[in-house]
Amino acid sequence: MGSKLDHVRWWALHRTTSQKLMRSAAASAGTENRSWLAGNPNLPLDVLTALATDPSQGIRYKVATNPICPPELRERLVATLDPGPA
């Protein structure tokens with residue numbers, strides 16, 4: 001997170017309760033925006049579920065570690081995440 005603007009965007013996307021902003025950010029082409037949003041504990045479940053299919057493994061990881069992630073979705077995501085080098 002480099003600039004002050006990045007910090008403001010992170011805060012807005014990570015803590016917002018605005019459904020309009022969350023839905024717009026989830027459809028964003030910007031991986032960084034979706035990543036910040038995926039950790040938001042205020043996400044509607046349908047947005048969280050949509051982000052769980054994101055092509056970015058980092059975003060799927062953030063979904064899995066989101067405190068509102070349902071256990072069955074978390075288990076499914078953990079099974080698909082690359083564990084990295086052994």
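Computed from a predicted structure; not experimentally measured.
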> Apart from V78 itself, what residues make up its hydrophobic cluster when side-chain heavy atoms of I, L, V, M, F, W and Y under 4.5 Å apart count as a link, directly or indirectly?
Replying inline: none

>> For residues I68 and W36: do they belong to one hydrophobic cluster (side chain heavy atoms under 4.5 Å, members Ile, Leu, Val, Met, Phe, Trp, Tyr)?
In response: no

>> Run the side-chain contact (heavy atoms from CB on, under 4.5 Å) test against T49 and tell me which residues pass, sequence neighbours left out.
In response: L45, L73

> Any sub-3.5 Å donor-acceptor pair from S24's side-chain atoms to K20's backbone N or O?
Replying inline: no

> How many angstroms lie between CG in N40 and CG in L48, if you round to the nearest 0.5 Å?
Replying inline: 9.5 Å

>> If I compare all heavy atoms of R34 with all of A26, which pair ends up nearest, and what's the gap?
In response: CD-O, 3.3 Å

> Tell me, which pairs form a salt bridge (Lys or Arg N to Asp or Glu O under 4.0 Å) where one or both residues lie in residues 69-80, sequence neighbours left out?
Replying inline: none

>> So, taking the atom named CG in L37 and the one named CG in L43, what distance separates them when rounded to the nearest 0.5 Å?
In response: 4.5 Å

> Which value, rounded to the nearest 0.5 Å, describes the distance between R60 atom CZ and L77 atom CG?
Replying inline: 7.5 Å

>> Once rounded to the nearest 0.5 Å, what's the spacing between atom CE of M22 and atom CG of L51?
In response: 11.0 Å

> Which heavy atom of N66 sits nearest a heavy atom of P41, and at what distance?
Replying inline: OD1-CA, 3.7 Å

>> Contact between R23 and S18 at the side-chain level, heavy atoms closer than 4.5 Å - yes or no?
In response: no

>> Quick test of your reading of the model: are D54 and K62 salt-bridged, counting only N-O distances below 4.0 Å?
In response: no

> For the residue pair C69 and V63, what are the closest heavy atoms and their distance?
Replying inline: CB-O, 3.3 Å

> Quick one: OG1 on T80 to CD on Q57, what's the gap to the nearest 0.5 Å?
Replying inline: 7.5 Å

